[in-house]
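The structure presented is a predicted model; accordingly, all values stated were derived computationally and were not measured.
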Amino acid sequence: MTPARSGSAAREAGRARNGGDLVVETLHALGARTVFGIPGQHALALFDALSRSELSFVSSRVENNAAFAADGYSRATGKVGVLFLSTGPGALTALAGLQEAYATAVPMVVVASQIPVSGLGARRKGMLHQLDDQKASAQNVTKAQFTVHHASGIPSAIQDAWAAAITVPQGPVWVEVPQDVLLGEVVVPPVRDAVAIPYDHPPREELVAESVRWLAASARTAIVAGGGVRRSGPEAQRRLRRVAELLDAPVVCSPGGNSAFPVDHPLSLGSWVEDRHVTEVLEDAEVLLVIGSSLGEITSNYFTLEPRGRLIQVDAEPRVLESNFPALGVRADAGQALSALAQALERTAGAADAAACRDAGREAGQGAGPGEGSGAGPGGEPGGGRGGGPDDGGWVRADWHGRSAAQVVAEANRRVQERLDGQDLARERRFMADVRAAVPGSMQTYWDMTIAAYWAWNVWDARSGQFHSAQGAGGLGYAFPAAFGGAVGLAGQGRGGTDARVLAVAGDGSAMYSIPELAAARQHHAAVTWLIVDDGGYGILREYMEETFGQATATELERPDFVALAASFGIPAEQVAVEDVGPALERALAADGPNVVVVQTRLRMWAPSHAAG
């Protein structure tokens, strides 16, 4: 990272401040400490201002990878990722990376330069890098877009962008500043006071009450925990567990919500959203509670999910609500909604317990026989505290056709494993187990769009770490640059050793998108280990084509020597057999700085699991 310099250097040298200084000062006042990006001609004032600031600059080699790096930084640290881009080609090259951040609700502030003010408005002046409407290009991949036309508007625009980025649903926000505004001398005093407050999205009281009424009357409730739960943090995850236990409800996590619910909990269906046996549990629920998920293509098991009961859908993005199924839509932050639901359900549970005690006392006074009117107490079976009914202030006992929720979960999990056992997948399952065993439980991992990641969506237990993947937009080349950004962020928090190290997993096809960032990782001495699974092509596309057309076309790739390629950047690397991936990862993860592990093998997908059987 570029060494920080005093923010007063320009004044001490008698140098006039400009619009670039205003950008950097505002970002610092808002809490930014790290900036990702690549210099460009129109943006030079931005980068010059960095040299007079306390912000650290992290240099990438391709703008798309710089966007991924800022995304990975934000996911690892929980802070806003900041990205500087230059006009035209530089800005456009970053759009695919911003699409991933937008789809996965990652908060970022993107500051892009623009052509001079006189060229704005689609006038064809022939200026370098000129687009008819650069901001319009960003509209599909950012939450909001701002164009600043004068220096005095810079602090307010960036402050507003920051507030929008951290308001749920979070996401990247675009601010563009013309070259002449960045270069122009300013009379605005140095920015010291900038505050960005997110807009709050608690659930409405009547929607919480109606949700609890539905849940109390349901004998079979199941829960889908999406990315919104995981992004809301540990407290939201604790509330999710409390809600699940109060309702005695099976829980499945979407790929984005991976490990939001403990994998080893007796109510956990893990993340096998792509398995028909899990889909059947969700379909059988009288009430399906979906929190922080759109029930999109993957989570709905490729749109084969057909809920037979009622659906409650909680999401901070109003466009998500009822986008795929009719539902009681609750527009709210997942964490706040879970807190409100947990409190309301606890009150209802307390009222039900009190009513049950009163009933038991009356029956005892009337000489009721043994076992009569006993109901299900707070720890009773099978309902785990659910007794009474909605008409008497209590709730319906959990009953999955005579079985407890834990029994239903155990049966579904057993059937998932049996289905896998019936296929020749020993190599794939051992590979995933070996990687999991080698990776420390608290380590953050980043996964590209590769067969290993498709397995990880369903089987990876993040434990106390975090699982990040490119499943939002599904583009190639995410893992390594995002992991690089994550490693930079963790180091900036003062972490060291394995606490600062991250793992990236990619296939050989997606790895080729990211090779230039080996130079960035070396330059910044990032603690990132890159596991490349080399199968000589686009493995998942090969499988799709063979399944659909009987043959694969245009999926095979000429293999580079990844070990020699890494070595050319001065980065240690080794190639190992698939059965030796565990020890190789343990060595790499214990090392210093960036390194690469290459495994040449062909992993396979399981048979399509959205079909019955």
Straight-line distance of [X] [atom1] to [Y] [atom2], nearest 0.5 Å:
{"X": "Phe484", "Y": "Asn65", "atom1": "CZ", "atom2": "CG", "value": "10.0 Å"}
{"X": "Leu27", "Y": "Leu22", "atom1": "CG", "atom2": "CG", "value": "11.0 Å"}
{"X": "Ile38", "Y": "Thr93", "atom1": "CD1", "atom2": "OG1", "value": "8.5 Å"}
{"X": "Arg501", "Y": "Asp592", "atom1": "CZ", "atom2": "CG", "value": "7.0 Å"}
{"X": "Arg495", "Y": "Thr77", "atom1": "CZ", "atom2": "OG1", "value": "9.0 Å"}
{"X": "Gln170", "Y": "Asp333", "atom1": "CD", "atom2": "CG", "value": "8.5 Å"}

- [ ] State whether Arg52 and Asp21 are salt-bridged, where the test is any N-O pair (Lys NZ or Arg NE/NH1/NH2 against Asp/Glu carboxylate O) under 4.0 Å.
- [x]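 Salt bridge present between Arg52 and Asp21.
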
Open item on the list: Check Arg231 with Glu317, please: is the shortest side-chain N to carboxylate O separation under 4.0 Å?
Closed with: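 Looking at Glu317 and Arg231, the cut-off is not met.
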
Qualifying ring-ring contact (aromatic ring centres under 6.0 Å, His included) pairs, either residue in [range], two or more places apart:
{"range": "residues 60-93", "result": "Phe36-Tyr73, Phe47-Phe84, Phe68-Tyr478"}
{"range": "residues 147-199", "result": "Tyr199-His201"}
{"range": "residues 492-522", "result": "none"}

Test your reading of the model: is there a side-chain donor-acceptor pair from [X] to the backbone of [Y], 3.5 Å cut-off?
{"X": "Arg33", "Y": "Leu55", "result": "no"}
{"X": "Arg587", "Y": "Ala590", "result": "no"}
{"X": "Gln313", "Y": "Val290", "result": "no"}
{"X": "Asp448", "Y": "Thr450", "result": "no"}
{"X": "Ser510", "Y": "Ala506", "result": "no"}
{"X": "Ser568", "Y": "Leu565", "result": "yes"}
{"X": "Gln134", "Y": "Gly88", "result": "yes"}
{"X": "Ser259", "Y": "Asp461", "result": "no"}
{"X": "Arg230", "Y": "Gly256", "result": "yes"}
{"X": "Asp48", "Y": "Gly20", "result": "no"}

Please enumerate all residues that pass side-chain hydrogen bond (donor to acceptor under 3.5 Å, both in side chains) together with [X], with sequence neighbours excluded.
{"X": "Asp160", "result": "none"}
{"X": "Thr87", "result": "His42, Ser113"}
{"X": "Arg204", "result": "Glu206"}
{"X": "Arg241", "result": "Glu245"}

Name all residues meeting the side-chain contact (heavy atoms from CB on, under 4.5 Å) criterion together with [X]; count only those two or more places apart in sequence or in a different chain, and write none if there are none.
{"X": "Ser59", "value": "Phe57, Arg61, Gln523, His524"}
{"X": "Asp180", "value": "Pro116, Val117, Pro178"}
{"X": "Pro560", "value": "Met512, Phe562"}

Where do [X] and [Y] come nearest, in terms of heavy atoms and distance?
{"X": "Arg242", "Y": "Ala342", "result": "CG-CB, 4.3 Å"}
{"X": "Asn324", "Y": "Leu295", "result": "ND2-O, 3.2 Å"}
{"X": "Ala483", "Y": "Val528", "result": "CB-CG2, 3.7 Å"}
{"X": "Val106", "Y": "Arg75", "result": "CG2-NE, 3.5 Å"}
{"X": "Pro155", "Y": "Val191", "result": "CG-CG2, 4.0 Å"}
{"X": "Val186", "Y": "Gly19", "result": "CG1-N, 3.7 Å"}

- [ ] Indicate yes or no: at least one non-hydrogen side-chain atom of Leu503 is less than 4.5 angstrom from one of Leu585.
- [x] yes

TODO: Check whether any side-chain heavy atom of Val111 sits under 4.5 Å from a side-chain heavy atom of Val35, and report yes or no.
DONE: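 No, every pair of side-chain atoms sits at 4.5 Å or beyond.
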
Open item on the list: A quick test of your reading: do over 12 heavy atoms of other residues, nucleotides or ligands sit less than 6.0 Å from NZ of Lys79?
Closed with: no

Open item on the list: Tell me if the CZ atom of Arg522 is crowded by more than 12 foreign heavy atoms within 6.0 Å.
Closed with: no

Task: ring-ring contact (aromatic ring centres under 6.0 Å, His included) involving Tyr102 - partner list, sequence neighbours excluded - done: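 Tyr102 satisfies ring-ring contact (aromatic ring centres under 6.0 Å, His included) with no residue once adjacent residues are dropped.
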
Open item on the list: Tell me every residue that passes salt bridge (Lys or Arg N to Asp or Glu O under 4.0 Å) with Arg239, counting only those two or more places apart in sequence or in another chain.
Closed with: Glu235

Open item on the list: When you compare the side chains of Asn595 and Thr529, does any donor N or O come within less than 3.5 Å of an acceptor on the partner?
Closed with: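 A donor-acceptor contact under 3.5 Å links the two side chains.
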
